[in-house]
Protein chains: 2
Amino acid sequence: MNYSIQQAAQKLGLTPSALRYYDKEGLLPTLQRTDSGIRTFRETEIQWLGLICCLKNSGMPIQEIKHFMTLCLQGEDTCEERKEVLEKHKTEILDQMKVLSNSLNTVNYKIEHYKEIGIFHIDQEIGGADNVQSAS
Amino acid sequence: MNYSIQQAAQKLGLTPSALRYYDKEGLLPTLQRTDSGIRTFRETEIQWLGLICCLKNSGMPIQEIKHFMTLCLQGEDTCEERKEVLEKHKTEILDQMKVLSNSLNTVNYKIEHYKEIGIFHIDQEIGGADNVQSAS
DNA sequence: ATAAATGTTAAAGTTAACTTTAAGTCAAGG
DNA sequence: CCTTGACTTAAAGTTAACTTTAACATTTAT
């Protein structure tokens with residue numbers, strides 16, 4: 001079954017203009033058009049867009065997603081490089097999770113601090129768990 | 001001990017211009033100046049900047065950090081609201097971690113897929129773990 | 001004393017990822 | 001036939017979080 005741009009957008013939780021933007025940026029090279037120029041999204045594109053969302057939501061820039069797509073189109077020769085792209089992205093996801101985890105610790109400490117002590121000057125506000133990675 | 005803007009920036013892993021920007025946006029209302037107008041960062045500001053980095057790195061916008069700072073300056077009356085701000089931010093951190101975790105699963109699946117099968121068309125590329133949250 | 005380094009400001013520039021706008025085309029229903 | 005709604009494009013606008021620039025003041029080192 002095929003989808004109009006609006007249907008595809010709804011299915012993916014995106015907007016039609018975002019899909020047009022991705023297309024313009026070269027992220028959807030397999031997309032078909034009707035004779036009159038209207039985009040038709042097949043399951044293939046829907047699923048590829050699902051991966052795009054996955055990579056995008058975890059911080060991969062559009063241009064790098066495009067690079068990955070380009071590698072996919074080039075066939076098996078690019079297998080190693082594609083895997084490297086994903087491995088690199090994996091470490092970036094893990095780094096992000098670490099940052100979030102540290103921040104969560106700090107925020108949790110502060111929330112507990114409020115519960116137990118109940119005195120809230122800026123001097124208390126700025127104390128507590130240390131979340132700065134010193135660059136010295 | 002006090003710090004110049006460059007020393008403070010280094011200690012926090014930021015740039016001097018970023019610190020000036022934060023100051024301009026009202027994130028550093030306690031910051032002192034010399035008679036000639038040069039900023040001097042005390043431990044107080046360094047630690048508050050540590051919290052700013054923590055909140056910023058976990059996705060809180062500058063304007064909301066400023067709001068939080070404003071509440072801190074207003075004294076104990078704003079205790080409940082400050083706690084609510086942190087609780088809300090906590091759920092946003094947890095949401096982000098969930099998104100990253102889903103993406104990590106997908107990426108891991110793909111990496112394994114490469115290892116085991118070794119055939120890499122776009123049709124394989126777009127299959128695999130599902131990472132789209134349908135909006136239907 | 002003077003040159004280099006560091007500080008200041010306001011204002012303009014940057015970047016990513018879209019969104020909005022304007023002007024036009026196309027398909028379906030009454 | 002003609003209106004309505006969905007589609008198209010190119011180009012300009014948006015937003016956040018800075019950075020860069022330019023012009024100038026001050027501090028430090030020689």
Side-chain angles (χ1 to χ4, degrees), chain A residues 1-29 31-42 45-46 48-69 89 92 96 99 103 135, chain B residues 2-28 31-42 45-46 48-69 89 92 96 99 103 135:
Chain A
M1 187 211 174
N2 290 352
Y3 301 89
S4 71
I5 196 167
Q6 202 163 81
Q7 290 167 332
Q10 180 149 19
K11 204 163 168 64
L12 291 153
L14 299 171
T15 60
S17 63
L19 291 177
R20 290 196 193 98
Y21 171 69
Y22 295 158
D23 187 21
K24 198 169 117 190
E25 292 298 308
L27 262 57
L28 301 170
L31 194 62
Q32 307 290 302
R33 304 265 191 146
T34 67
D35 287 348
S36 57
I38 290 177
R39 294 173 180 87
T40 58
F41 293 77
R42 298 166 298 178
E45 280 84 29
I46 299 294
W48 169 248
L49 278 165
L51 182 56
I52 288 175
C53 287
C54 161
L55 297 175
K56 181 183 64 90
N57 292 340
S58 51
M60 187 183 284
I62 298 292
Q63 286 313 306
E64 196 174 335
I65 297 175
K66 180 185 174 175
H67 176 225
F68 184 71
M69 164 51 107
H89 186 58
E92 275 159 22
Q96 281 186 76
V99 169
S103 293
Chain B
N2 290 351
Y3 301 88
S4 71
I5 197 166
Q6 201 163 84
Q7 289 167 332
Q10 180 149 19
K11 204 164 168 61
L12 291 152
L14 299 171
T15 60
S17 63
L19 291 177
R20 290 194 194 99
Y21 170 71
Y22 295 158
D23 187 19
K24 198 168 116 192
E25 292 298 307
L27 261 57
L28 301 169
L31 195 61
Q32 309 289 302
R33 304 264 192 147
T34 67
D35 287 348
S36 58
I38 290 177
R39 295 171 180 87
T40 59
F41 293 77
R42 297 166 299 180
E45 281 83 30
I46 298 294
W48 168 249
L49 278 165
L51 182 56
I52 288 175
C53 288
C54 161
L55 297 174
K56 182 183 63 90
N57 291 340
S58 51
M60 186 182 284
I62 298 292
Q63 287 312 307
E64 196 174 335
I65 298 175
K66 179 182 175 176
H67 176 225
F68 185 71
M69 165 50 108
H89 186 58
E92 275 158 22
Q96 282 186 75
V99 168
S103 293

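The sequence lines fix the lettering, A, B, ..., with proteins before strands; numbering per chain opens at 1.
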Side chain of B/I38 (C-beta onward), nearest among D/dT9, C/dG7, D/dT19: C/dG7
Spacing of A/R20 atom CZ relative to C/dT20 atom P, expressed in whole Å: 12 Å
A/Q6 side chain, from C-beta outward: closest of D/dT8, D/dC7, D/dC18: D/dC7
Euclidean distance, atom CG of residue A/D23 to atom C1' of D/dA10 [Å, nearest integer]: 14 Å
From D/dT19, C/dG7, D/dT9, nucleotide with atom closest to B/S17 side chain: D/dT19
Options C/dG7, D/dT20, D/dC18, nucleotide nearest the side-chain atoms of B/K56: D/dC18
Minimum-distance nucleotide (side-chain atoms of A/R33 versus D/dT9, D/dT19, C/dG7): D/dT9
Distance, rounded to the nearest Å, where A/I65 contributes CD1 and C/dA16 contributes P: 13 Å
B/P61 side chain, from C-beta outward: closest of D/dT27, D/dA17, D/dT8: D/dA17
Closest nucleotide among C/dT19, D/dT8, D/dT19 to the A/Y21 side chain: C/dT19
Between A/E25 and A/Q63, a side-chain donor and acceptor under 3.5 Å: yes
Whole-Å distance separating the CG atom of A/L28 from the P atom of D/dT8: 12 Å
